[in-house]
Structures are given as C-alpha cells and as structure tokens.
Amino acid sequence: MADERKLEAVKALDAYRVVKEKFVEETDSGAMVLEHEKSGAKLFLLSNEDDNKVFCIGFRTPPEDSTGLPHILEHSVLEGSEKFPVKDPFVELVKGSLNTFLNAMTYPDKTVYPVASCNEKDFQNLMDVYLDGVLHPAIYREPKIFLQEGWHYEMQSPEDELTINGVVYNEMKGAFSSPESVLDRFTRNVLFPDSTYANESGGDPSVIPDLTYEQFIEFHKNYYHPANSYIYLYGDMDMAEKLEWLDREYLSSYDRKDCHADSSIPLQKAFEGPVEREITYSVTEEEGTADRTYLSVNTVVGTSLDPVLYIAFNILEYTLINVPGAPLKQALIDAGIGQDILGGYDSGILQPYFTVIAKNANREQKGEFLSVVKGTLRKLADQGIDRKSLKAGLNYYEFRSREADYGSAPKGLMYGLGAMDSWLYGGDPLVHLEYQKTFEFLNKAVDEGYFEQLIRTYLLDNPHEAVVIVSPRVNQTAQEDRKLAERLAAYKASLGSEEIARLVAQTKALKDYQEETSSQEDLEKIPMLQREDIDRKSADLSYQLKMEDGVRVVHSSMFTSGIGYLKVLFNTDRVPVDDLPYVGLLKSVLGYVDTENYTYSDLSSEIYLGSGGINFAVSSYPDVTRPGEFTGAFVAGAKVFYDKLGFAFSMLTEMLTRSRLEDEKRLGEILDETRSRARMKMEDSSHGAAVGRASSYYSAFAAFNDIIGGIGYYQFLEYVSRRYSEGPEYRQALIGKLKDTVRLLFTSDNILVSYTADEEGYGHLPVELKSFKASLPAGRGKQYRFTFEKGNRNEGYKTASQVNYVARCGSFAGKKADGKELVYTGALRVLKVILNYEYLWMNLRVKGGAYGCMSGFGRSGDGYLVSYRDPNIANTNQIYEGIPEYLEGFSIDERDMTKYVIGTISDVDTPLTPSLKGNRNLSAYLSGVTMDMIQQERDEILNVTQEDIRNLADIVRAVLNTGALCVIGNDEQIKADRDMFGEIKNLYH
C-alpha cells in the first residue's frame, strides 16, 4: 500500500492546489492531481513502494508544419543549459548516472522527457539536469546546436559540392525509407487535414531545410512554459520534498499569464464522406513493382478520453486482425489480396483511428479490397463476432494490464505515458489507469452485442474514412537524391563568392564547435555519484538446478504475483545443419495451423482464455568456457497462473505433437506473412542484421543466428516462397521437412525446462512435467555438430534506403598481443560506454550526422561496431579504424573515469522483471557463466583504471583485424564505395 502520509504532506504546500486525490488499486498507488498556483504547471503523482522512481516533464507541442521543429527541439534542449552549460548534458548523464531510463521522445502532439532511477541521489540529479535543460536551454546563446541537431548546409571548401547534414535530418531520412512508416505518416495527414496531425512532428526530410533558427527559438518560447507542461512523479519518494524543490528551483520563477501559446488541439471535423489519397515509396529495380502496393482503409474512432473505447478497440484489433484466423485478415488472404494483413487501433493521439492494411497487394485490387473489408465487417456486425475469440482477447489484455511487465521499460514510465493519453487533452490522468471497471463492463458487453455495434458505428457507418494507397516507384530514392543534388548545385551557382565563403566558414565554425570540449569547471557542474555510492556485490544468480523425472529444471525462485513463467527448450543439435532454417520457420508455423483437436483460430482462443499466452522462439547461448561452442534451442514459452500450469503443458503437447502440417494453402499464407514480418524486422533494425551477418563470417554462434533469424534466414524465406508457388512437388517437400524437424526436435530425451515461480508455484511442476514428458515420443539421440563456411564475404546489401548501417565485427578469442593471450575483462563494459558516448558519438553522430552508434564486446570474444541511420560508409569505417590509436592515447581525469564506471554499472544493474530474471538465470546456466565470473566482472568495472582502458587497444585491434564488414544501405552509396566490399547484392528481391 502507498504511504498516505507522503501525500498528506503535499496538501500542506501553499504553492500547489489539489485537484484530485484517490487510491488506485490497479497500480497500488496513492494518486494526486495538482496544479502549481503561480506557473500553472499541471502535476500528477503516483506514490507507492516501487523504488524504480520515475520523473517526466512533457509539453503539448502541436506542429504547425512538417519541418520537424518539435523533434529538433527535443534533441537540442538537452545540449546544454544555464545551470549545466556543458555541450551535451544528456550524454554526460548517460556516462555517469545509475539511471534505469533516460531519454526524450517526440510524438505527433507532445514531447516528453522521462528519467528513472532506483538511487535517490541520482534521481534528484536527473530531475535537475532535465528541468534546467527544457526550461533554460543553451539554444538561445548557441545557434550551432540547431545546425548540428537539425540541419545545415555543409561545404568544406569553395570547390566542394554543397550538401545538407544534421542528426534529425538523417534520422528522418531513415524513417522515411520504410514503406510502413510512409503509410503511417501519410494516413494521419489524410485523416486530419485541418488538424496538427496533418503535419509530421518528426520532420519530413524534404521540408526540414525550410526551418529557420528564428522559428526554432520562437517555438521554445511559446510552448516550453510550465503553464503548458505536464509533470509526473512516480514511486517511493518524499513527494512533498520533491514538490517543494520543484517550486523553489524552477516553477516559482514563472507566471501563468506570461504563457501566450495556444497549444490546444481542436477536433478534426468529421468528413461528409470517404476520401482517397495515394503516395509512392521507393523500391529497387530488382524488387520491381508487382505485388508491392499497400492498400489501406482507415476510420476515426471517437477520442482518447473514452476509456471503454480505448480498451474495446484493442480487443477488436486482436479479434479482427491479429489472432490466427482473425476473420478480417483471413477474408482478405482467402481473396488473394495482399501477402500480409496489418493494422489495428492506432491511439496516442486525441482522435485514434482503426486501420486495415493489405501489404504486398496490387493497386488494381483496391475495389475488391474495400468490398471484402466492408462485406466481412457487415457480416460480423449482423451475424455476430465469435464470442470465444472476444473473451480470449479480453483475457489477454486484462492479463497484460495486471502483469504490468514492460520488459526493460519501468512500469512507472508506462503508467505515465498511458496517463498522457487522456491528461494531455484535458481529461483525468487516471482514466486509463483505472481499468478494472472497464474490463468488468466489457466482459458483460461481449454477450450484449456491444462489439458488433462498435463495428457498425465506427467501421461501417462512419463517414470519417480514408482509403490510403502507398504504391512502389522504382529508384525513387535515387531520383530524389539526384534532384536534391541538382537543387543544391543550382543554389550554390546562384551564390556570390562572399556567400560561398560564408557557408565554408559556417561549416568550419560548426566543426570547430564540435571539436571543442567543455571546460572542466562546467563539466563538474553536472552532478554525479561516486564509486563508493555503488554496491560492490553483484546481484545473485537466483536459480537452482533440479531434476524432475530425468529432466533438468532451472528453477528461478522468486515472487511473481502468482504467475509462472515456463520455458521448455529443445536442443537444435538434433537437426542436421542444412535443415536448421526449418527450425526457424517452425516457430512461425506452430500455433498458426490446425491441430487434431482445434482449428488454429479456436486454438488461439483456448490459449488466451486459459493463460497469458504461449510463444515460440529459437535462441542460442554461447559457451564462455569453450570458445566457439554454443547451445541452440527451440524454446516454447508460456505464462500462466500457477493453477493453470497443467493447461499450459497440455496446450504445448497439442501444438508440438498434434499440429497438422499438411494444409498447403495455410502453409503458403504463413510463409507470406512470415517473410513480410521478417523484412519489417530487418528494416526496423538493419544495424542488428548487419552485425549478425558480419559476425557470421567467423563465428559459429553468429552463423547459427543468421541461419535461423538473420539475413540468411530471410534469404531462405524468399527462396522457399518462390519455390512454393512453383507446384505441389516442392510444397510436399517443404511439408516433409517440417514434419521431419518436429520428429527430431520434440522428443522426451531432448528437454530442458526453465521455470520462474515461487515455491508454491513450483509445487505444481513435477506432476505436470512428468505428464508432458510422457506425451512426447522417444528420440533417437543422434546429434549433429554445427559446421559453417568461414571467410569474410564483406557484403554490401543495396536497398532503397536513404541512409546506411555500417557494421565492423571481429573476434579476439584465442588471439595474442605481445605474447599474452587476450582475455575478456569487465573493462570492456566500460569501453562500450566510452566508445558509444565519447569516441563514436563525437565522430559518427555529432560530426558525421549519423543518428546512432553502438559497440559491444562479449565474454565469448566477439566484438562489434555499428552505425545507425548513417549518411556515410567509408568515412565511418575509417572512424572504426582509428579506435586503437585513440585508446593508446586515452587520458582523462579520475572524475571522468568514475563517470564511465557509474554509467557502466547503470547498464549492469538494470532492474529486471521476474520473467527477465528467469531469462538471465537460464542464459547464465547454458552459457557457463558463474557468480564468480559476474562478481569478477563487477570488480573489474569498479576498479578500472585509465591504464586498463589503454590496454584494450590490442583487443579492439584484434576485432578490427578480423576484417569482417557488412553494410546495409543506400544503393548509390554502396556502389560508390564498391572497393570496400567482396560482394555487392540486393537485400530484397
């Protein structure tokens, strides 16, 4: 229970007016809504016993155009402030804070600045730096911040071509390279033509260069006033003390009458009838335009202030589109319209909308697409939606709400973002947090025709509808690049010699500014902890290895709110190496085909009525005690309340042993969807795909991952999809391969179990596991050693992207320098922070304009360097080559060294949910990681010296000398740098 005294003290504060006070059972929190009397700031408090404290200040920032002004400002206010005049306080905090979350995000109508930490002193520091940054930024005295983060003309000498660069400019070029992203942005533009949502808050790269510094400054003056702010505090803290500090240090300096901005977001007037618009996106010549069109129909659904609609349409999304066999999705697939059906309920704005998308369709199918969508919805409205499916959807969302497991994101942060979905629009911030009454209403409404009426009202008889088409256009990116180059050349030609000299001088001045380091005096103004503030003891690996009926069980015993997290692992070494891609495919097939006792639609409903879900994955665990060795596993996971564990095992038995794989039509549908989703995943994380591919040239572990989930797997999917359409012979061969894989994998002698639950929960496991094991066939026990072809192919993968992802990978395992073997040390964790937020950050992001840069060095001896949404290729590779020299000359003071140590520990000590703790324990067991290793790593981090960092130059040199390079990116740029590659090819066909 929340400590009510903490909120009682708040009532005594004269600076604030209490608007509302209530205990929120769903979050076990005392809630209070306040207003700061003088400044007009709005505040929302959730007081509870969670030590992962959260602070967030947000502003309503409706864009007036698509120059990306809110987004550029979000980047820029964290580039120095009055109290903290260093050039990049955000990076200084990342380097030297124990934060559990530290970021800023721009949405279509708001900008938020959240931080989180379990350490009280650190939390206070984070609040101070963020508040000073947003309210008193250095942008007023330093225009170069705008040039660096937003956009600028770049020309090193009068003879050079004129170009455009900037961090946000390049970030959005990457965002606009994805057709799904293009569709999403254009849909809002079409649905809300008279609203702020018609504009792109992130910035359209073609429009960003229209933004002036003067407009940039004016926007901050207008919108970054406390009267336009939404301040959120969550967790176990002295709320009154925090509010007194806020008033004293910041809010009392402002008067609400001085805020002249009108940030209100008016409702878009409903259309009188449907509208239709079309836009294009770029594909390469090799991809072509056949089966590449996106057809979509979109309807506006009330407002975010309605808590029932807010949840009900998430359930409709699940029922109509997401669940296997969903009627709307299946009707379109059966009609041959699109190879993948996407869409659902898009919230997070004042007027959410529901969208149905047929991906990889043809423009000529538009009429049939609309006919099938409307006809199916009309049939469902008239004849009724499957009750079991609706109730399964309700159970699924209620389970998720109660579990409040958001992975690595603090749940307090997610509660705050959810509150903004009503609070920002003048509503009660508690509307979406008090969900229990809504679920109670919807559980009754299922049988009363409520959901059918929603379909009639919002999806059928709603004039506020837009048909949006995104069509492919061959080499559009190259054409746009040429047009931009021509415009810039013409603009340069129009300039006189003095104007050109000014641009050259501006480029140099910006480079000089970027090279400058902040003074030591200013750096020391950023508050930070000391090494003594950090617990020297590492968190324990909290698992026990047990045996149940001859099966090894990794039991992670802890409080889990009555939820058991089950994983059943089947070692992939039972499958021949050439057939491993079928293991990857199998995870997408099981649960999506009929079984002996269920249709695949009924199966899914049954699962979610009785559990929080069942999922399949293929994972791998490198053995740190035996270089080059690893464990590959097909993983069946489930989360259930303790008394439903037997149900989870029975459903696993059904899917693993009784799935019907013979349905050629259904298998073809799954292939199309799997390939589509694999491509979307690669487009979203091309940096990860590039790292995985480059590492696969020399690492067995990485080669395995590439085969079952990386570029190699995607190529397999493209090959299989092409062959599948050629005739029944190949289709039967594929079905045979899947059946063979099932027969080899899922055997009673090939089981390892991981179970995360307290002792009461574990009590259910022995008898249920015994029954499950008995349901599996005996295995042959034959194992196949993993082999792969080593050799640097150094591939350049061409796409229609406007930016690049440059990966350089290698291994130091077994290598020597000066006669000594290179070994893993905790100092490499510190090096990651140094590279990511110093060397690579400065050279790739600040100077080079790349949106992101990452590195890492693992216990297995593998290392990687990679850039994200990068305008460069060759220059980036040269930056990588310079790391050993940089490290050999590494010299900083003890304060900075301590800062890097604290930033490293922040990553090491990230709070974990019970499910993530269970995953950590399982990984440690299979990888051979012991508590001694973890404690040694922590000691090496806490005791690291500059000399230790300098000594890492040999490890980085060994990684670079491996010579493994992979780039995914812009067609023209890859061809221009062709000498870097062993092979150049198209990523997509």
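Values below: all heavy atoms of this structure, side chains included; hydrogens, waters and symmetry mates excluded.
A cation-pi contact links R679 to Y988, judged by a cut-off of 6.0 Å to the six-membered ring centre and 45° from its axis. Taking the ring axis of Y714 as reference, the NZ or CZ atom of K681 does not stay both within 45° of it and closer than 6.0 Å to the ring centre.
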- request: Decide yes or no on side chain to side chain donor-acceptor pair (under 3.5 Å) for D210 and T67, but give the supporting numbers first.
  value: CA-CA 7 Å; D210 294 341; T67 58; over 6 Å; no

- request: Under the ring pair (Phe, Tyr, Trp, His ring centres under 6.0 Å) rule, what do F857 and F812 come out as? Steps first, then yes or no, please.
  value: CA-CA 9 Å; F857 304 87; F812 61 88; 7.2 Å; no

query: Please walk me through it: do E92 and K95 pass salt bridge (charged side-chain N to carboxylate O under 4.0 Å, His left out)?
result: CA-CA 5 Å; E92 294 303 311; K95 293 176 188 173; 3.0 Å; yes

message: Between E480 and K483, is the salt bridge (charged side-chain N to carboxylate O under 4.0 Å, His left out) condition met? List the steps.
response: CA-CA 5 Å; E480 290 174 348; K483 286 180 181 177; over 6 Å; no

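At distances below 3.5 Å, at least one donor-acceptor pair connects side-chain atoms of N836 with backbone N or O atoms of S855. Between the K815 side chain and the D954 main chain, no donor and acceptor come within less than 3.5 Å of each other. Proximity of a side-chain donor or acceptor of T962 to a complementary backbone N or O of S811 within less than 3.5 Å is detected. Between the side chain of S282 and the backbone N or O of Q476 there is at least one donor-acceptor pair closer than 3.5 Å.
R829 is linked by a salt bridge (charged side-chain N to carboxylate O under 4.0 Å, His left out) to D907, E937, counting only residues two or more places apart in sequence or in another chain. A search for side chain to side chain contact (heavy atoms under 4.5 Å, CB included) contacts involving S721 returns L671, R675, not counting sequence neighbours.
Atoms CD1 and OH, on I968 and Y805 in that order, are 8.5 Å from each other to the nearest 0.5 Å. Separating the CG atom in D862 from the OG atom in S699 is a distance of 4.5 Å, to the nearest 0.5 Å.
Taking both residues in full, the closest heavy atoms of E718 and L987 are given as OE1-O, 4.4 Å, listed atom of the first, atom of the second, then distance. Closest approach of A678 to L717, counting heavy atoms only: CB-CD1, 3.8 Å. The two residues L78 and A104 have their closest heavy-atom pair at CD1-CB, 4.1 Å. Closest non-hydrogen pair, Q802 versus K173, comes out as NE2-O, 3.4 Å. Across all their heavy atoms, E499 and S494 have their closest contact at OE1-O, 4.3 Å.
V956 has its side chain out of reach of Y886: every pair of non-hydrogen atoms, C-beta onward, lies at least 4.5 Å apart. F219 has its side chain out of reach of E64: every pair of non-hydrogen atoms, C-beta onward, lies at least 4.5 Å apart. With a 4.5 Å cut-off on side-chain heavy atoms, V959 and Y864 do not count as touching. Using a 4.5 Å heavy-atom threshold, the side chains of E154 and K511 count as touching. For the pair V182/Y294, no side-chain contact is recorded, criterion being any heavy-atom separation below 4.5 Å from C-beta on. Put simply, the side chain of F146 does not reach to within 4.5 Å of the side chain of I217, judged on heavy atoms. In this structure the side chain of I72 never reaches within 4.5 angstrom of the side chain of L69, judged on heavy atoms.
With respect to D870, the side-chain hydrogen bond (donor to acceptor under 3.5 Å, both in side chains) criterion is satisfied by exactly one of T876, N970, N875: T876.
The environment of E885 atom CD is sparse: at most 12 non-hydrogen atoms of other residues, nucleotides or ligands sit within 6.0 angstrom. The neighbour count for E286 CD, taken as heavy atoms of other residues, nucleotides or ligands under 6.0 Å away, is above 12. K508 NZ: 12 or fewer foreign heavy atoms inside a 6.0 Å radius. Crowding of E516 atom CD: a count of heavy atoms from other residues, nucleotides or ligands under 6.0 Å exceeding 12. Open room surrounds CD on E498; 12 or fewer heavy atoms of other groups in view lie less than 6.0 Å from it.
Checked against the 6.0 Å centroid threshold, F704 and F788 do not count as a close aromatic pair.
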Can you give the donor-acceptor pairs under 3.5 Å from side chains of residues 844-854 to other protein atoms, not counting sequence neighbours?
unit_1, atom_1, unit_2, atom_2, d
R845, NH1, Y851, O, 2.7
R845, NH2, H75, ND1, 3.1
K847, NZ, E515, OE1, 3.0
K847, NZ, E515, OE2, 2.6
Y851, OH, E171, OE2, 3.4

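A salt bridge links E888 with R957: at least one charged nitrogen is closer than 4.0 Å to a carboxylate oxygen.
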